[in-house]
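A short write-up of the structure that comes next.
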Amino acid sequence: MSPDNATRTLVADLFRRESARLIAMLARRIGAARIDLVEDAVQDALVSAMRSWSIQRLPANPSAWLYTAARNALTDRLRRARFELPESGQLELASSATQADARFASEEALDDDLLSLIAYCCHPAISQAAQLALTLRLACGLGVGEIAGALLTTPESVAQRIVRAKRELRALDVTFDLSARELIDERLPGILNTIYLLFDAGYLSTQHEQWLRPLLCADALRLSRMLAMHPATDEPETQALAALLHFTAARLPARVGEAGEPVRLAKQDRSKWDPALIEAGFRHFDASIRGEALTRYHIEAVIAATHAAAPSMEATDWDAILGHYDQLCRLYASPVAALNRIIALRYARGAQAAFDEITGSQGLESLQDSLLYHATMAELHEALGEHRQAAEEFDAAARLAGSNTLAQLFRDRYQASRARIDEAS
Amino acid sequence: MASYVVMLREDPAVFSRLSPTEMQAIIQRYYAWFGKLAASGRLEVGRKLKDNGGKHLRAGKGKMLVSDGPYAEAKDVVSGLFIVSAASYEEAQSLLSDCPHFDYGWFEVREVDVTG
């Protein structure tokens with residue numbers, strides 16, 4: 001840096017995005033078997049950029065700088081590792097440099113590379129948890145510590161999970177070459193599920209201090225859009241997932257209160273919902289209903305669309321939403337779906353009907369000690385004017401909250417319920 | 001005002017486990033700090049040195065002896081240098097007191113000896 005220090009700044013998230021982009025591009029060129037070398041080379045490039053840019057002015061084109069540095073670092077690492085490598089890999093990297101440089105500038109080529117990388121990460125031979133960890137590491141550029149934070153586990157276990165997954169993929173000789181059929185039949189379900197989980201990890205976690213992590217949601221949204229637009233993955237279920245995530249993401253601006261606390265649907269200022277995202281959601285939704293396919297993403301998307309189209313809680317078509325939850329619970333039963341159905345039931349048929357259902361319901365046992373269950377019970381008791389029981393349930397929810405913001409929210413509700421008991425007596 | 005050469009020394013291994021986001025944040029920290037120093041008019045010049053390809057040159061019998069090094073793999077690498085102007089060594093020291101480099105490495109500071 002010199003005294004005439006230029007005022008260049010780095011685009012937010014540049015390193016994370018470039019990490020994914022460079023890994024995708026270089027790994028595809030030298031093959032999945034050597035993905036570790038690629039990861040190390042990209043890390044070399046980022047470290048050297050960091051050490052250089054910290055002291056000097058930023059380069060005019062940071063992405064191009066990083067690309068050159070990563071390519072050189074990879075050539076270097078390939079040379080050092082040559083005893084275990086066939087010569088061809090090295091030659092290919094050197095001779096296709098110009099071609100690759102042209103490729104570097106093309107967004108479409110980047111999407112192809114990124115898609116190959118995600119398909120590799122979401123190979124059905126490895127567990128769902130491993131698919132997610134690998135995607136976060138390679139395709140989203142998160143560090144092991146950050147992934148551990150997102151998945152509520154330790155960095156050691158994330159690192160182990162990633163190493164084991166890569167070993168399994170190597171043992172199976174998994175490559176980036178995929179037929180269109182393999183991609184759709186074998187990989188796409190895992191890819192979509194991983195993106196769904198990625199969004200979920202960012203959307204609401206009861207255990208994080210930073211309860212909403214917009215970054216993970218934004219990544220999931222971006223990837224869902226990329227897959228929906230890519231001719232190789234433009235399937236009805238891809239469109240349905242993209243629609244669901246767009247509708248849900250549209251509500252994010254209204255979900256955070258002034259003190260950073262979560263704001264529930266009933267209290268959200270709907271004028272803060274993002275109209276552009278809702279519009280995009282409807283576009284993906286229209287594209288999702290071209291075929292016969294009816295996946296859980298379709299059902300969840302239609303529920304989200306119903307909310308998005310409603311001007312208020314009262315004007316929401318709760319009967320329709322209840323019907324969709326009935327279908328979801330029938331076709332894709334899960335405790336969370338069952339609990340959400342209860343909430344829809346409350347608005348469609350009243351708190352008493354919801355209360356009778358929740359107390360008599362099978363399939364909710366696994367949720368009975370969860371924050372969501374206690375919070376739902378509390379809401380129902382309060383709607384029924386049972387303030388003492390509501391206070392107890394809010395108290396239980398507050399104790400289960402993993403973040404102070406969330407705990408405070410339930411403590412406030414607890415106090416409000418207590419105050420109503422006193423008013424009544 | 002005297003000039004002080006500040007050499008940034010570090011163990012590059014410190015950085016190998018950082019995530020992309022952490023690295024970008026470090027750049028921003030250094031950048032903000034250097035920007036502040038430049039704005040105060042105390043920064044004369046700053047340069048990063050290349051890690052590899054450096055050599056030691058010595059006189060031999062009739063010809064120059066060249067040996068490789070220093071290496072980036074070493075635990076103590078001079079990664080860059082800059083020159084600040086300060087009224088005294090103490091002031092130069094205090095100019096550095098909030099530099100983010102303290103979190104990742106250390107400094108060697110030498111006053112430029114000006115002959116009359």
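Just so you know, these numbers come straight off a predicted model, no measurement behind them. What you see below is based on every heavy atom in this structure, not just the backbone, and it leaves out hydrogens, waters and symmetry mates. Sequence lines set the chain letters: A, B, ... in the order given, protein chains first and strands last, and positions in each chain run from 1.
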Can you tell me if CG on B:Asp113 sees more than 12 non-hydrogen neighbours from other groups inside 6.0 Å?
no
Taking all non-hydrogen atoms of both residues into account, name the closest pair between B:Pro20 and A:Phe15 and its distance.
O-CB, 3.3 Å
Please round to the nearest 0.5 Å and tell me the distance separating atom CD1 of B:Ile27 and atom CZ of A:Arg51.
12.0 Å
Quick check on B:Met64: does its CE atom have over 12 non-hydrogen neighbours (other residues, nucleotides or ligands) under 6.0 Å away?
no
If I compare all heavy atoms of B:Tyr31 with all of A:Leu58, which pair ends up nearest, and what's the gap?
OH-N, 3.4 Å
In short, B:Ser19 meets A:Glu146 closest at the heavy-atom pair OG-OE2, 2.6 Å
Side chain to side chain, B:Gln24 and A:Arg16, heavy atoms closer than 4.5 Å:
no
Please name the pair of heavy atoms, one in A:Ile55 and one in B:Phe34, separated by the smallest distance, quoted to 0.1 Å.
CA-CE1, 4.1 Å
Which heavy atom of B:Phe15 sits nearest a heavy atom of A:Gln43, and at what distance?
O-NE2, 3.8 Å
Which atom names give the shortest non-hydrogen contact between B:Gln28 and A:Leu10, and what distance separates them?
NE2-CB, 3.9 Å
Contact class of B:Arg29 relative to chain A, heavy atoms under 4.5 angstrom
neither
State whether the number of non-hydrogen atoms from other residues, nucleotides or ligands found under 6.0 Å of A:Gln128 atom CD is greater than 12.
no
Looking at chain B, which one of A:Ser19, A:Ser52, A:Ala12 has the largest number of heavy-atom pairs inside 4.5 Å, strictly under?
A:Ser52
I'd like to know whether CZ of A:Arg222 has more than 12 heavy-atom contacts from other residues, nucleotides or ligands below 6.0 angstrom.
yes
Could you walk me through whether B:Leu18 and A:Leu46 pass the side chain to side chain contact (heavy atoms under 4.5 Å, CB included) check?
CA-CA 10 Å; B:Leu18 293 173; A:Leu46 294 174; over 6 Å; no
